Structure formats: structure tokens, C-alpha cells
*Asks:* 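This is the structure, below, for whatever I ask next.
Letters A, B, ... mirror the listed sequences (proteins, then strands); counts begin at 1. Bear in mind that the values here come from a model prediction, so they are computed numbers and not experimental data. The figures here come from the full heavy-atom set of this structure, side chains too, leaving out hydrogens, waters and symmetry mates.
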Number of protein chains: 2
Amino acid sequence: MRKRPQQQRSRELVKALIDATAKVIQQQGLDNTTTARIAEVAGVSVGSLYQYFGDKDGLIEALMESLADDIGAGLKRLPLLDNVDMNAMISSAIQFGFAVLNSRDGLYLELVRNWHRLPTDRVVDTLQQHFMDLARLYFLRHYRDYPIRNLEVRVFIVTNSVLFTMVRHISQNNGLIREDDLANELTRMVAGYMATPPDHQGTR
Amino acid sequence: MRKRPQQQRSRELVKALIDATAKVIQQQGLDNTTTARIAEVAGVSVGSLYQYFGDKDGLIEALMESLADDIGAGLKRLPLLDNVDMNAMISSAIQFGFAVLNSRDGLYLELVRNWHRLPTDRVVDTLQQHFMDLARLYFLRHYRDYPIRNLEVRVFIVTNSVLFTMVRHISQNNGLIREDDLANELTRMVAGYMATPPDHQGTR
DNA sequence: ACATAATGCGAATATGTATTCGCATTCAAT
DNA sequence: ATTGAATGCGAATACATATTCGCATTATGT
């Protein structure tokens with residue numbers, strides 16, 4: 001952020017700009033998101049935009065930060081560890097994932113589709129970190145006997161698998177596969193995989 | 001394609017343009033791929049480009065078609081069904097996937113990253129279709145007893161999971177996860193999931 | 001009330017890039 | 001050899017859009 005907003009009105013302006021950015025991305029897609037349009041939607045001039053954001057990317061980065069915080073908060077509110085069995089826990093997590101992706105009228109969807117061009121690190125870290133902690137706690141509680149190796153790899157695989165499978169499904173939206181079928185199958189795959197005890201062969 | 005190349009030199013020109021498109025995308029990334037640069041690399045003028053391709057997208061589409069054919073041919077050459085157990089078969093398929101993604105100096109990687117903006121249908125159909133046939137044949141041969149429902153969903157999940165997990169891993173390229181660890185774990189997850197007999201409850 | 005800083009404006013500027021078009025060259029048929 | 005079609009050229013055009021900058025307005029402290 002180029003300059004700190006000090007007065008009330010400018011703080012509101014900054015917020016309006018970030019909100020407008022989300023709205024424009026959601027409505028017109030990332031490719032058609034222009035500074036002019038953002039300013040227009042925010043009810044503000046382009047010039048003012050550049051008072052507080054060095055460039056367009058800065059604005060988008062601010063949006064991503066804000067969303068990362070939202071997701072983090074949402075995750076903390078989920079009582080995933082209270083589930084008795086892993087299947088239920090993973091099912092809840094996947095439901096949460098679908099809920100997020102379908103929320104905000106496709107904003108998240110458009111962002112994930114363009115993950116490669118966006119500063120997604122904060123968001124990804126938030127997710128990965130949370131699920132990593134969750135997995136650690138769960139295994140500590142239920143699988144005390146097994147030495148848990150490979151947990152990073154497993155969480156990495158599972159997170160990406162679920163995320164992108166969901167995104168692809170929502171994106172192409174052919175009616176051939178129903179969303180709850182997909183959720184069920186994803187749950188089965190992930191639960192089955194995570195419950196697998198690690199290899200005992202130390203050959204690698 | 002706007003006009004059919006009739007003479008030898010123009011057929012070579014079209015080929016040179018498609019090759020150049022691949023090269024530029026691979027070297028500069030899709031975002032920095034300009035018609036001017038493509039023409040330059042092809043050793044041809046921009047004007048000539050528009051003789052045979054209605055627009056830039058047409059050129060890229062031609063490239064995608066060509067790659068879809070390559071992948072299809074590569075898949076047909078793989079003797080996946082000769083593998084005795086599913087684990088070996090899936091391991092081979094995943095190895096093939098990594099090989100493709102790492103081939104052509106990252107061209108495929110860049111294309112998958114930008115799948116959302118590209119005409120990927122042909123390629124995706126090729127993959128999905130092939131794995132679908134493969135799965136059908138395998139189950140017919142080994143699990144004759146089970147009624148195989150849900151196969152579409154399973155193949156969809158597995159294809160997307162593996163593809164995007166691999167892409168994300170190669171993209172971020174943090175040394176924390178080794179490629180062969182990832183391949184092994186992916187194999188375990190997929191094999192475990194595909195070997196699961198379908199639900200017997202007919203409640204859905 | 002005044003001075004100064006903060007904020008806000010938007011037409012003008014700068015830049016990048018897809019596409020066109022009139023002319024030049026090469027090919028293939030007679 | 002001649003001619004018309006096919007091919008090739010690349011400077012010029014059209015357009016979209018990020019960013020700037022000089023000026024106008026508003027807030028804050030004294």
C-alpha cells in the first residue's frame with residue numbers, strides 16, 4: 001500500500017476499492033477487471049486508487065489478504081476435531097470447501113482458476129497450515145502407535161486433489177456428475193487414503 | 001484456419017507457426033506470447049500468420065489439437081493393461097503423467113496452469129476417455145462380480161487430482177517434497193481408492 | 001479564520017499488442 | 001513467356017488499459 005489512509009473517509013475509500021475489486025472480478029472475470037471499472041464501481045476516481053495502491057496488483061494483493069483472513073476465520077470456527085471418525089471429519093471439511101467455492105457468487109472460483117497469476121501464497125499457506133495442524137492433532141489422538149511420516153506429502157496431495165477437482169467440476173458444470181456424489185466420493189478417497197498406515201519398509 | 005495452405009511452402013509456414021507458438025509459450029509464458037514474437041520465431045511476418053489463422057486464438061487452438069494428438073498417441077503406446085495388479089498399472093500411468101508434464105521444457109505445464117483460458121476440451125476429452133476405457137476394461141477383467149457404478153465420477157476425481165497435484169508440485173518446486181515420493185503417494189491414494197468396491201447401499 | 005496537509009479528481013499520457021491492407025514476390029498452369 | 005492465383009510482407013491502424021500529474025476539494029490543528 002503506497003500511502004496509509006489516515007482520515008476516516010480515506011479508510012472507507014480503501015475498503016470500497018477492495019470490495020469493488022472483488023465485485024468486478026466476480027462479475028466480469030479477472031481478465032476484464034480494469035482499474036477504471038473498479039474505480040467506477042467503488043464510486044471513486046482512478047487517481048484516488050493510486051493514492052493508496054502502488055498498482056493494480058497491489059489492490060488485488062490486498063483483496064487476497066482479506067480473503068485469506070476470512071478463510072482462516074471460517075476454518076477456526078469449524079469444529080472439525082470434534083468429529084468422532086475420520087470420515088465424518090473429512091466430509092465436513094469437504095463440505096466447507098464446497099461452501100467456500102460456491103460463496104460470494106463465484107469470486108473464489110474465479111480466483112482459484114487463475115491461481116497461477118495471483119499472489120495466492122497467503123491463502124494456500126493458510127489452508128495447508130490449518131489442515132496440517134488438524135492432521136497432526138488427529139493422528140496424535142487416534143493413531144498414536146504409528147509413526148506418522150509423510151504427513152506433509154499427504155496433506156499436500158489431499159488439499160490439491162480436493163480443491164482442483166471441485167473447481168473443475170464447478171467450472172465445466174456438466175450435469176453428468178452431481179455435486180453431492182462428487183463430495184461423497186472425494187470423502188471416500190481422502191478418508192481411505194489418510195487412514196492408510198504409512199509404509200514400514202525403510203527402503204526410501 | 002482461415003485459408004487452406006495449398007503449396008508446399010505455405011504448409012511449412014503453417015507448421016513453423018504452430019511450432020513457434022509452442023516455443024514462445026514455453027519460453028515466455030502464455031501472458032507474454034504475442035503474435036509479433038511468434039511470427040519472429042517462425043521466421044515469418046505477422047501478415048502471413050493471418051493468412052492462415054483467423055486470429056491468435058486460432059493459432060493456439062491448432063497447437064492444442066496437435067498436442068492432443070501427441071498425448072493420445074503416447075497413451076496408446078503405453079501397455080497399461082498388461083500390468084498384473086492395479087498398483088503397477090496406476091504407477092505407470094502416473095509416471096507417464098509426470099513425463100508428459102516435464103517434457104517439452106515446461107510447455108505442458110504452462111498450458112495446464114492456464115487451462116481455464118485455453119481450449120482444453122480436446123485434450124481433456126482425450127485423457128478422460130482413455131482412462132475411462134482403461135478403467136472399464138480393468139474392472140471387467142478383474143472385478144467381474146461387482147457392478148461398477150460411479151466409474152465416471154471416480155475417473156473424473158482421479159484424473160483431476162493427479163493432474164493438478166502434479167502441476168502444483170512442479171510449479172512451486174519447493175524442495176520439501178520429492179517428485180518420486182509424490183508419485184508413490186499419489187499411486188497409493190489412487191490405487192486404494194479405485195480398488196474400493198462401490199457402495200452397496202442403494203440409498204442414493 | 002487561517003494555514004497546511006490530506007484527500008480526491010479525471011483528462012491526458014504512455015504503452016503494449018492484435019489485426020489490417022496495399023503492395024511485392026513466388027508459384028503453377030498454359 | 002505470360003498471366004492469374006497464391007503467398008508473403010511489415011508499416012500503419014485501432015484499440016484497450018495502466019498510470020500520471022496538475023489542479024480542486026476537504027479535513028485538521030491552532
Side-chain angles (χ1 to χ4, degrees), chain A residues 1-64 110-111 114 117-119, chain B residues 1-64 110-111 114 117-119:
Chain A
M1 190 169 295
R2 168 173 288 175
K3 191 164 64 173
R4 281 283 178 76
Q6 306 190 354
Q7 305 175 353
Q8 180 64 19
R9 57 172 176 164
S10 55
R11 256 173 274 128
E12 275 162 11
L13 183 148
V14 164
K15 190 176 179 317
L17 278 172
I18 295 178
D19 290 350
T21 305
K23 198 169 195 172
V24 175
I25 290 176
Q26 172 261 308
Q27 282 179 345
Q28 337 223 129
L30 189 65
D31 285 332
N32 304 315
T33 293
T34 66
T35 52
R37 182 82 182 114
I38 291 173
E40 183 189 340
V41 169
V44 146
S45 91
V46 238
S48 300
L49 191 161
Y50 284 92
Q51 287 279 318
Y52 303 100
F53 299 97
D55 54 15
K56 195 185 166 186
D57 287 348
L59 188 49
I60 290 177
E61 207 162 328
L63 171 63
M64 300 295 286
E110 178 69 6
L111 293 175
N114 292 282
R117 313 194 277 157
L118 294 169
Chain B
M1 191 169 295
R2 168 172 287 176
K3 191 164 63 174
R4 282 285 179 72
Q6 305 188 355
Q7 305 176 354
Q8 180 63 22
R9 56 172 175 162
S10 55
R11 257 175 273 127
E12 276 163 10
L13 182 148
V14 165
K15 190 176 179 314
L17 277 173
I18 295 178
D19 290 351
T21 305
K23 198 168 193 171
V24 174
I25 290 176
Q26 172 260 310
Q27 282 179 345
Q28 338 223 124
L30 188 65
D31 285 331
N32 303 315
T33 294
T34 67
T35 52
R37 181 82 182 116
I38 291 173
E40 183 189 339
V41 168
V44 147
S45 91
V46 237
S48 299
L49 190 160
Y50 284 91
Q51 287 281 316
Y52 303 101
F53 299 96
D55 53 15
K56 193 185 167 185
D57 287 347
L59 187 50
I60 290 176
E61 209 160 317
L63 172 61
M64 300 295 286
E110 178 69 5
L111 293 175
N114 293 281
R117 313 193 277 157
L118 294 170

*Asks:* What one-letter contact string describes nucleotides 17-30 of chain D from 5' to 3', where B marks a base within less than 4.0 Å of any protein heavy atom, S marks contact via sugar-phosphate atoms alone, and - marks no contact?
*Replies:* SSBB-----BSS--
*Asks:* Minimum heavy-atom separation for Leu17(B) and Ala39(B), please, with both atom names.
*Replies:* CD2-CA, 4.5 Å
*Asks:* Count the heavy atoms belonging to other residues, nucleotides or ligands that lie under 6.0 Å from NZ of Lys23(B), then report whether that count exceeds 12.
*Replies:* no
*Asks:* Starting at atom CD of Gln28(A), determine the distance to atom P of dA16(D), rounded to an integer number of angstrom.
*Replies:* 14 Å
*Asks:* Quantify the bending of the helix from dA1(C)-dT30(D) to dT30(C)-dA1(D) as the angle between its end axes, each fitted on five pairs, to 10°.
*Replies:* 10°
*Asks:* Less than 4.0 angstrom between a side-chain N/O of Ser10(B) and OP1 or OP2 of dA6(D), yes or no?
*Replies:* no
*Asks:* Under the side-chain contact (heavy atoms from CB on, under 4.5 Å) rule, what do Phe53(A) and Ile18(A) come out as? Steps first, then yes or no, please.
*Replies:* CA-CA 10 Å; Phe53(A) 299 97; Ile18(A) 295 178; 4.2 Å; yes
*Asks:* Between Gln28(B) and Thr34(B), is the side-chain contact (heavy atoms from CB on, under 4.5 Å) condition met? List the steps.
*Replies:* CA-CA 10 Å; Gln28(B) 338 223 124; Thr34(B) 67; over 6 Å; no
*Asks:* Using whole Å, what does the distance between atom C1' of nucleotide dT7(C) and atom CG of Leu49(A) come to?
*Replies:* 14 Å
*Asks:* Taking atom C1' of dG16(C) as reference, at what distance in whole Å does atom CD of Glu40(B) sit?
*Replies:* 15 Å
*Asks:* Among residues at least two apart in sequence or on other chains, which ones pass side-chain hydrogen bond (donor to acceptor under 3.5 Å, both in side chains) with Gln51(B)?
*Replies:* Lys3(B)
*Asks:* dG8(D), OP1 or OP2 - any side-chain N/O from Ser45(B) closer than 4.0 Å?
*Replies:* no
*Asks:* Please determine which of Asp31(B), Asp57(B), Ile60(B) meets the side-chain contact (heavy atoms from CB on, under 4.5 Å) test together with Arg117(B).
*Replies:* Asp31(B)
*Asks:* Applying side-chain hydrogen bond (donor to acceptor under 3.5 Å, both in side chains), can you list everything that pairs with Asp19(A), at least two apart in sequence or on another chain?
*Replies:* Lys15(A)
*Asks:* Could you list the residues that satisfy side-chain hydrogen bond (donor to acceptor under 3.5 Å, both in side chains) with Arg2(A), not counting sequence neighbours?
*Replies:* none
*Asks:* What is the distance from CD of Gln6(A) to P of dA5(C), rounded to the nearest Å?
*Replies:* 12 Å
*Asks:* Rounding to an integer number of Å, can you tell me how far Tyr52(A) OH sits from dG8(C) C1'?
*Replies:* 8 Å
*Asks:* Nearest of dG8(D), dC9(C), dT7(C) to any side-chain atom of Leu13(B)?
*Replies:* dG8(D)
*Asks:* How close or far is atom P of dT7(D) from atom CZ of Arg4(B), stated in whole angstroms?
*Replies:* 12 Å
*Asks:* Taking 4.0 Å as the cut-off, does a side-chain nitrogen or oxygen of Ser48(B) come that near to OP1 or OP2 on dT7(D)?
*Replies:* no
*Asks:* Going by the rule salt bridge (Lys or Arg N to Asp or Glu O under 4.0 Å), which residues pair with Glu12(B) if we only count those two or more places apart in sequence or in a different chain?
*Replies:* none
